[in-house]
Amino acid sequence: METSQLTPDQLDAQVSRLHATEAWQRIVTGWDRTAPEPASPDHAGPPPLLLDPEPADPEPASPPAVAAAPAGPPPVVAVQGGGARPVPPADWRGLLSVPVDQLIDESLRALPAPAPRERPLPGRLGAVLPERFHAWRRIGQPDVPPSTHLGHARRILTEWGWQNTPYRLRNARGARCLCGAMLTAHRLGYGSLDTVDRAGAWLITELRSQGWTGLIGPWNRQPGRTAAEALALLDATIRRAAQAGH
């Protein structure tokens, strides 16, 4: 079972080194410019030729008048014994080449599979417990992409609280900083250590796009920083990573 004793400071330095590597720069360079460029009007091909419409007949022949059949009762057929019964209208099911039940089954199979049920976070007591008490939650959990991991980190900040005073994993109330929320998401079973590193590198990438040149921790504890700003940063990072396929 994968374990980690990383602190937020260690994670911050680790993801900063990953962000500075040439391999990571190749990942993030041009990710938002992959759509094909629209064709320039100067290079557009010649307009399609339109065929001249056929000359209209100056006096089109009017279609012969057809007398409408008078509405009446449905046709009847004779039955043995001299009685008569109406002929039922044609059933639309007769137009199908396969049974209706088969069409319904095929349509249901074509629907997307329902999303797996999300495990709720532990309660307020779980927020203040040492991380080692949550290690069992990683057993049998699959890895997730960085954008999904950041989504779970966002949920931790929303439900357990955000803090920017002394840069620790959590405060006495169980609130986390940004790096602390990512480490907690990992220890709750949402993503491997490699995923945590890549999620943090995407976070630094978003900070660089906003003009911040430092690490995540100094941004998180800058005077005047608010929880709304921390959540907005996570939202922007999630969009950036998801659009890049991560």
Side-chain angles (χ1 to χ4, degrees), residues 1-40 42-44 112-113 115-116 118 131 138 140-158 162 164 167 169 176-222 225 228-246:
M1 182 176 58
E2 188 179 20
T3 59
S4 169
Q5 301 299 323
L6 283 177
T7 66
D9 282 316
Q10 292 169 339
L11 174 63
D12 204 351
Q14 188 167 292
V15 299
S16 178
R17 288 192 296 270
L18 173 61
H19 178 270
T21 61
E22 182 180 354
W24 185 260
Q25 291 305 313
R26 286 199 301 267
I27 291 175
V28 300
T29 300
W31 69 268
D32 55 346
R33 298 191 297 274
T34 55
E37 293 291 335
S40 172
D42 297 336
H43 297 84
E118 192 174 68
E131 300 299 310
R138 292 199 51 78
Q141 293 300 316
D143 201 2
V144 297
S147 56
T148 302
H149 170 82
L150 289 169
H152 290 292
R154 188 191 193 284
R155 187 160 65 103
I156 289 170
L157 293 184
T158 301
W162 169 82
N164 68 339
Y167 194 41
L169 181 64
R176 264 71 171 171
C177 60
L178 283 171
C179 288
M182 288 192 293
L183 285 173
T184 298
H186 157 69
R187 292 166 185 177
L188 290 177
Y190 300 117
S192 63
L193 286 176
D194 179 65
T195 298
V196 178
D197 287 344
R198 290 184 290 133
W202 277 114
L203 200 59
I204 291 182
T205 301
E206 179 61 30
L207 285 174
R208 295 293 183 270
S209 72
Q210 298 181 12
W212 182 265
T213 59
L215 299 181
I216 302 171
W219 183 94
N220 186 89
R221 60 176 178 262
Q222 186 182 38
R225 187 71 65 204
E229 291 174 332
L231 295 178
L233 175 64
L234 281 177
D235 289 338
T237 307
I238 290 169
R239 287 193 297 270
R240 180 183 291 267
Q243 288 172 357
H246 289 208

Query raised in the report: Quick one: OG1 on Thr195 to CG on Asp143, what's the gap to the nearest 0.5 Å?
Result: 3.5 Å
Query raised in the report: Does a side-chain heavy-atom distance below 4.5 Å link Val15 with Leu203?
Result: no
Query - For His19, the option from Leu215, Leu207, Thr205 that meets side-chain contact (heavy atoms from CB on, under 4.5 Å) - result: Thr205
Report summary line: Closest heavy-atom pair, Cys177 versus Asn220, reported as atoms and distance to 0.1 Å, is CB-ND2, 3.5 Å
Query - Heavy-atom side-chain contact between Thr148 and His152 under 4.5 Å - result: yes
Report summary line: Scanning both residues in full, the closest heavy-atom pair of Ala153 with Ala181 reads O-CB, 3.7 Å
Query - Contact check, side chains of Pro218 and Asp12, non-hydrogen atoms, under 4.5 Å - result: yes
Requested in this report: State, to 0.1 Å, how close Ala185 and Ile156 come at their nearest heavy-atom pair, and which atoms those are.
Outcome: N-CD1, 3.5 Å
Query raised in the report: Under 4.5 Å between any side-chain heavy atoms of Ser16 and Ile204, yes or no?
Result: yes
**Report entry** Between CG on residue Leu157 and CZ on residue Arg176, distance to nearest 0.5 Å
**Finding:** 9.5 Å
Query - Sub-4.5 Å side-chain heavy-atom contact between Ile27 and Arg198 - result: no
Report summary line: Nearest heavy-atom contact between Leu183 and Pro8 is CD1-N, 3.8 Å
**Report entry** Nearest heavy atoms of Ser192 and His186, plus distance in Å
**Finding:** C-ND1, 3.8 Å
Requested in this report: Go through the steps for Arg239 and Asp235 under the test salt bridge (Lys or Arg N to Asp or Glu O under 4.0 Å), then give the verdict.
Outcome: CA-CA 6 Å; Arg239 287 193 297 270; Asp235 289 338; 5.4 Å; no
Query raised in the report: Judged by atom type as modelled, is there a donor-acceptor pair below 3.5 Å linking the side chain of Ser209 to the main-chain atoms of Glu206?
Result: yes
Report task. Please tell me if the side chains of Trp162 and Arg225 come closer than 4.5 Å, counting only heavy atoms from C-beta onward. Result -> yes
Report task. Report the relative orientation of the aromatic rings in Trp202 and His246; use parallel for angles under 30°, tilted for 30 to 60°, perpendicular for over 60°. Result -> perpendicular
Report task. May I ask you to decide if Arg26's main-chain N or O and Thr29's side chain share a donor-acceptor pair within less than 3.5 Å? Result -> no
Query raised in the report: Is there a side-chain contact between Leu6 and Gln14, using heavy atoms and a 4.5 Å cut-off?
Result: yes
Report summary line: Residues Arg221 and Asn164: closest non-hydrogen pair is CB-O, 3.2 Å
Query raised in the report: For the side chain of Arg154 and the backbone of His149, is there at least one donor-acceptor N/O pair under 3.5 Å apart?
Result: no
